[in-house]
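From a predicted model like this one, the values you see are computed outputs, not experimental measurements.
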Amino acid sequence: MINVTFPDGAVRQYEAGVSALDVAKSISEGLARKVLAASVNGQVWDATRPINEDATLKLLTWDDTDGKSTFWHSSAHLMAEAVETMFPGVKFWVGPAIDRGFYYDMDLGGKQIGEDDLKALEKKMNELAKQNNAYQRKEIAKAEAIKYFEEKGDEYKLDLLQNLNDGEITFYTQGQFTDLCRGPHIPTTGSIKAIKLMSIAGAYWKGDEKNKQLTRIYGITFPNQKELDEYLLMLEEAKKRDHRKLGKELSIYTMDDDVGQGLIMWLPNGTIIIEELEKLAKETEAEAGYKRVVTPHIAKESMYLTSGHLPYYADSMYPPMELEGEKYYLRSMNCPHHHKIFAAEPKSYRDLPYRVAEYGTVYRYEQSGELFGLMRVRCLHMNDAHIYCTKEQFAAEFKAVNDMYLKYFKIFGIDKYVMRLSLHSKEKLGVKYVNEPELWLETEALVRDVMTEAGIPFIEVQDEAAFYGPKIDVQIWSVIGREFTLATNQVDFSQGRSFKLQYTTQDNTSETPLIIHRAPLGTHERFIGFLLEHYAGKLPVWLAPLQVKILPISEKFIPYCQEVQRQLRKAGVRVEVDERNEKIGKKIREAELGKVPYMAVVGEREMAENKLGLRRQGKGDIGAQAVDEFLNMILEEIRERKSGE
RNA sequence: GCCACUUUAGCUCAGCUGGUAGAGCAACUGAUUUGUAAUCAGUAGGUCGUUGGUUCGAUUCCGACAAGUGGCUCCA
């Protein structure tokens, strides 16, 4: 007999060799039907795998993250079985569970598949699921495994086997399909009741674009149809707040084939948002001791050789223009110009920290397939600044930048993000990163310490640094789940030396400053794209392109409305009168759909009492108010940059 | 850049197996002068992304190119 300890601390005795599924059955049949996998001594196991020793046991169901991912991983195998049935000779690479569903990468031997194939595969998967086949685990010797896949001619699984040893190799079989897999899996295919194959994509083998491209099929499954329907509905809802849709509906920006891919033209509404953001940045930066500068969008090749952009970043730059025997590049970053500003006049330690800020326009030649609405474009406006400081000043300056983020995030109510310490990768020194192994480690430690001391939670990721140093990136997600860096705070130990930037110390010697590159508001493009989604288009009053819409009940009240408009405009409020010959219901509806924060209905009563019949977007009628009373209220809301709800 | 898909009026979308296109909203005109999420009527608007090919005939079939979308690689 063995002792099985449950999450609540209860201990029950079972015969050795009992499976988690048996345990579940001993509790209730209903529970047994729901069990997908089990956590045995903290490891996720097949629910059917025998437990031979004392163990702590947690039964995993659809409600557990590990239960879901086991379910999805098993679904990937089910899909593979369907694929193999329909396309004999297919070779498989890997098929993991992901945040939402699963995928499987495969080599279809040059065969192209399309959406019709997905439908056929779904149908096949449903048939196979109904067979209710068991997922059977088998431990297997390496030699035998190699033999199996050699006979099958599957070089991908053979590649996987290279890194595995005897004793850690298992095969899983369900129905007619056998796969090299560490598991675990759900007990039987029958619990997969609702299946949706989402898309086909190319995926480079091992994620390297020099390798062959495999076919990847994404799918998702659920234990019942209702949850699948809900999931698909949720995706539909998310699309409604997609910044590309809102950007069009609210006339924020436009693009044009004749202008070029990834080149945003900001319409008047979008431009208002830009100007408000810049106002916020300029106020904040002035307060924090930054000086503003303005620099050109191009520079000669020589500067980008000095900066390291041409050796390390050339792929992301537009090709040069030649004139008068010189090559000029459109800039992809503002830093070199700012370094020249630093170098323009001699600096002493008394001038440091020297902080220069510019809403800098940069151009990046992003590959066409990477462009994405406002989030990934080829011309961007960065909330850029560079801080030149001594080593001693670094920690305080770096922290001050982090505080600036947090201050901004509070204003915008941004709370779903991850701070990421992006480190270099040793293998790519001299290729992607400047070749200074010691300095990398030193500055990475410096940043790590600042973050730890400030008590700001962060994660560390290899091979994500800038070419000139490590950075803290703030990661956010678009409504369709794509991850982006919203803001960034970077250390640069390299360009100061390349540009021979120096300051005179107290001892009258020369030192090279450390440089911080920072963009707490990221770029206008990505930040506004993010804000549109974050607010679902319902921007707070201070950012709203149109803040108040005055809606006359009939044309008799237009002169009064225009007078109110004059008053509000004089105070700096963005206001318009809906003078159209329409009924009030329609004017309200359109203002609501246009996401105008305040609507002022004006009829006989309001005009007689010098009032406005107010509505708040999304909330409906909030009662009548005197014009100056309303003006004071909205001015305060704007001044305080209140977030609305 | 690579894989898959999409592209019809300003917007959202119909258009079965090839016989040169339709709706709703928006726009314009007129009527109505309106009290908290769509007043009624009329008018105008499209060489069906571009370009080759197949065909008596192409929005429809095939190819190329462009842009967009979902991924991969890459990134603020």
*In Å and rounded to the nearest 0.5 Å, what is the NZ to NE2 distance from A/Lys432 to A/His424?*
11.5 Å

*When you measure from the side chain of A/Glu370, which nucleotide among B/rU73, B/rG35, B/rA76 comes out closest?*
B/rU73

*Roughly how many Å is it from CD in A/Gln475 to C1' in B/rC75, rounded to a whole number?*
10 Å

*asked:* With a 4.0 Å limit, can you tell me whether A/Lys212 has a side-chain N or O closer than that to the phosphate oxygens OP1/OP2 of B/rC72?
replied: no

*Choosing from B/rC74, B/rG71, B/rU12, which nucleotide comes nearest the side chain of A/Lys248?*
B/rU12

*Would you say the base of B/rC2 and the side-chain of A/Gln213 have a donor-acceptor pair closer than 3.5 Å?*
yes

*Does some side-chain heavy atom of A/Arg241 sit less than 4.5 Å from a side-chain heavy atom of A/Leu246?*
yes

*Counting heavy atoms from C-beta on, name the nucleotide in B/rU33, B/rA76, B/rU73 closest to the side chain of A/Ser554.*
B/rU33

*To the nearest angstrom, how far is A/Phe557 atom CZ from B/rU36 atom P?*
13 Å

*Please figure out whether A/Leu380 or A/Arg615 has its closest RNA chain B nucleotide nearer the 5' end.*
A/Arg615

*State yes or no: are the ring centers of A/His309 and A/Tyr329 separated by less than 6.0 Å?*
no

*Have a look at A/Lys587 and say if it touches a base, only the backbone sugar-phosphate, or nothing, with a 4.0 Å heavy-atom cut-off.*
nothing

*Scan A/Lys239 against the nucleic acid and name what it touches under 4.0 Å (heavy atoms): base, sugar-phosphate only, or nothing.*
nothing

*Would you find a donor on one side and an acceptor on the other, under 3.5 Å apart, between the side chain of A/Trp72 and the backbone of A/Pro96?*
no

*Check every strand shown and say whether A/Val362 touches a base, only sugar-phosphate, or nothing at a heavy-atom separation below 4.0 Å.*
nothing

*Lys/Arg N to Asp/Glu carboxylate O, A/Glu609 vs A/Arg605, below 4.0 Å*: no

*Let me know the distance between CG of A/Asp463 and C1' of B/rC75, rounded to the nearest Å.*
12 Å

Restricting to nitrogen or oxygen on both sides, can you table the protein-nucleotides 23-27 of chain B pairs closer than 3.5 Å?
from: B/rA26; atom 1: OP1; to: A/Lys586; atom 2: NZ; distance (Å): 2.7

*Return the nearest nucleotide to the side chain of A/Ile588; candidates are B/rC72, B/rU36, B/rG1.*
B/rU36

*Does A/Tyr204 make a side-chain donor-acceptor contact with the base of B/rG1, cut-off 3.5 Å?*
yes

*Base, sugar-phosphate, or nothing: which does A/Glu606 touch, judged by heavy atoms less than 4.0 Å apart?*
base

_In this structure, how many angstroms lie between the P atom of B/rG71 and the CD1 atom of A/Ile220, rounded?_
13 Å

*What is the distance, rounded to the nearest whole Å, between atom CD1 of A/Ile274 and atom P of B/rA76?*
20 Å

_Length of the CG-P vector between A/Asp116 and B/rA4, whole Å_ = 14 Å

*With a 4.0 Å cut-off on heavy atoms, is A/Gly603 in touch with a base, just the backbone sugar-phosphate, or nothing at all?*
base

*For A/Leu551, answer base if it contacts any base atom (sugar-phosphate contacts may also be present), sugar-phosphate if it contacts only those atoms, and nothing otherwise; contact means non-hydrogen atoms under 4.0 Å.*
nothing

_My understanding is that only residues two or more places apart in sequence, or in another chain, count here; which of them pass salt bridge (charged side-chain N to carboxylate O under 4.0 Å, His left out) with A/Arg420?_
A/Glu464, A/Asp473, A/Glu483

_I'd like to check A/His339 versus A/Asp492 (side-chain heavy atoms, cut-off strictly below 4.5 Å). Are they in contact?_
yes

*asked:* By the 4.0 Å heavy-atom rule, please label A/Lys210 as base, sugar-phosphate, or nothing.
replied: nothing

_Under 4.0 angstrom between A/Lys432 side-chain N/O and B/rC74 OP1 or OP2_ = no

*Report which part of the nucleic acid A/Glu366 touches: base, sugar-phosphate, or nothing (heavy-atom distance under 4.0 Å, all strands).*
base

*Testing A/Phe527, A/Phe372, A/Tyr535, A/Phe484 for ring-ring contact (aromatic ring centres under 6.0 Å, His included) with A/His243, which one passes?*
A/Phe372

_Nucleotide of B/rU39, B/rC5, B/rC72 approaching A/Lys583 most closely (side-chain heavy atoms)_ = B/rU39

_Need one value for A/Gly207: base, sugar-phosphate or nothing, where a base atom within 4.0 Å counts as base even if backbone is also close, heavy atoms only._
sugar-phosphate

*Hunt down any stem RNA chain B takes part in, defined as 3 or more consecutive Watson-Crick or G-U pairs whose two distances are each under 3.5 Å.*
B:1-7 with B:66-72, B:10-13 with B:22-25, B:27-31 with B:39-43, B:49-53 with B:61-65

_Run the side chain to side chain donor-acceptor pair (under 3.5 Å) test on A/Glu606 and A/Tyr560 for me, step by step, so that the C-alpha distance in whole Å, both residues' side-chain angles and the decisive distance to 0.1 Å come before the verdict._
CA-CA 10 Å; A/Glu606 288 78 11; A/Tyr560 170 73; over 6 Å; no

Could you list, one pair per line, each protein nitrogen or oxygen that sits under 3.5 Å from a nitrogen or oxygen of nucleotides 42-50 of chain B, together with the distance?
none

*Interatomic distance where NZ belongs to A/Lys428 and C1' belongs to B/rC75 [whole Å]*: 13 Å

*May I have the distance from A/Leu593 (atom CG) to B/rC11 (atom C1'), rounded to whole angstrom?*
13 Å

*Thinking salt bridges, do A/Asp208 and A/Lys206 make one under a 4.0 Å N-O criterion?*
no

*For A/Arg292 and A/Tyr290, what are the C-alpha separation, side-chain angles and deciding distance, and is it a side chain to side chain donor-acceptor pair (under 3.5 Å)?*
CA-CA 7 Å; A/Arg292 299 206 78 77; A/Tyr290 290 66; over 6 Å; no

_Between A/Ile217 and A/Tyr103, is there a side-chain heavy-atom distance shorter than 4.5 Å?_
no

*Rounded to the nearest 0.5 Å, what separation is found between the CD atom of A/Glu590 and the NZ atom of A/Lys586?*
5.5 Å

*asked:* Using a heavy-atom cut-off of 4.0 Å across all strands, would you classify A/Met375 as base, sugar-phosphate, or nothing?
replied: base

*Using the side-chain hydrogen bond (donor to acceptor under 3.5 Å, both in side chains) rule, collect all pairs that involve residues 109-124 of chain A, keeping only residues at least two apart or in two chains.*
A/Lys124-A/Glu127

_Nearest-nucleotide 5' precedence on RNA chain B, A/Ala487 against A/Leu614_ = A/Leu614

*asked:* Main chain of A/Leu371, side chain of A/Arg376: is a donor-acceptor contact present, judged purely on distance under 3.5 Å?
replied: no

_Is it the case that the base of B/rC74 and the side chain of A/Arg376 share a donor-acceptor contact (distance under 3.5 Å, atom types as modelled)?_
yes

*Looking at A/Lys279, A/Arg518, A/Lys407, A/Arg355, which hits salt bridge (charged side-chain N to carboxylate O under 4.0 Å, His left out) with A/Glu285?*
A/Arg518

Please tabulate the protein-to-nucleotide N/O contacts below 3.5 Å involving nucleotides 63-70 of chain B, giving atom names and distances.
from: B/rA67; atom 1: OP1; to: A/Gln261; atom 2: OE1; distance (Å): 2.9
from: B/rA67; atom 1: O2'; to: A/Asp257; atom 2: OD1; distance (Å): 3.4
from: B/rG68; atom 1: OP2; to: A/Gln261; atom 2: NE2; distance (Å): 2.6
from: B/rU69; atom 1: OP1; to: A/Arg244; atom 2: NH1; distance (Å): 3.1
from: B/rU69; atom 1: O3'; to: A/Arg244; atom 2: NH1; distance (Å): 3.2
from: B/rG70; atom 1: OP1; to: A/Arg244; atom 2: NH1; distance (Å): 3.3
from: B/rG70; atom 1: OP1; to: A/Arg244; atom 2: NH2; distance (Å): 2.8
from: B/rG70; atom 1: OP2; to: A/Arg244; atom 2: NH1; distance (Å): 3.2
from: B/rG70; atom 1: OP2; to: A/Arg482; atom 2: NH2; distance (Å): 3.1
from: B/rG70; atom 1: N2; to: A/Ile200; atom 2: O; distance (Å): 2.8

*Would a distance-only check, ignoring hydrogens and angles, find a side-chain to backbone donor-acceptor pair under 3.5 Å from A/Lys587 to A/Asp578?*
yes

